[in-house]
Amino acid sequence: MNLKSKLYQPDHWRGRAEATRKKAEALADGKAKDRLLKIAVEYDKLARRAHVWQMHKDEDDRWHEEEL
């Protein structure tokens with residue numbers, strides 16, 4: 001896994017969610033707007049998963065350093 005990849009960065013997903021919400025706000029059509037808002041929620045979930053993954057990765061790194 002490449003930790004530097006933006007896919008593992010919570011801010012990447014938060015930015016996508018924010019941009020998607022802005023696009024949704026600009027739409028008058030309820031159906032398209034609702035779809036974009038659902039996509040934004042999924043991006044928020046990915047941001048939370050990336051954050052949790054980073055926390056666990058940091059804990060694992062500290063654990064391995066203590067072994068040395």
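All residue numbers in this chain count up from 1 along the given sequence. The model shown is predicted, which means the values in this text are computed figures rather than measured ones.
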Check: Taking all non-hydrogen atoms of both residues, which atom of Ala17 and which atom of Ala40 are closest, and how far apart?
Finding: CB-O, 3.6 Å
Item checked: CG-CZ distance between Asp29 and Arg35, expressed to the nearest 0.5 angstrom -> 8.5 Å
Next item on the list: Find out whether Arg14 and Glu18 are in side-chain contact, i.e. whether some heavy atom of one side chain is under 4.5 Å from a heavy atom of the other.
Entry: no
Note to self: Testing the basics here: between Leu7 and Trp13, what is the closest heavy-atom pair and its distance to 0.1 Å?
What the structure shows: O-NE1, 2.9 Å
Item checked: Euclidean distance, Lys23 NZ relative to Leu27 CG, rounded to 0.5 Å -> 10.0 Å
Notebook entry, point to check: Between the side chain of Gln54 and the main-chain N/O of Gln9, is any donor-acceptor distance below 3.5 Å?
Noted result: no
Check: What distance do Tyr43 atom OH and His12 atom NE2 have between them, rounded to the nearest 0.5 Å?
Finding: 7.5 Å
Notebook entry, point to check: With a 4.5 Å heavy-atom cut-off, do Arg48 and Asp44 have their side chains touching?
Noted result: yes
Margin query: Looking at Glu42 and Lys45, is any side-chain nitrogen of the basic one under 4.0 Å from a carboxylate oxygen of the acidic one?
Written below: yes
Next item on the list: Report yes if some heavy atom in the side chain of Arg21 is under 4.5 Å from a heavy atom in the side chain of Leu36; otherwise report no.
Entry: no
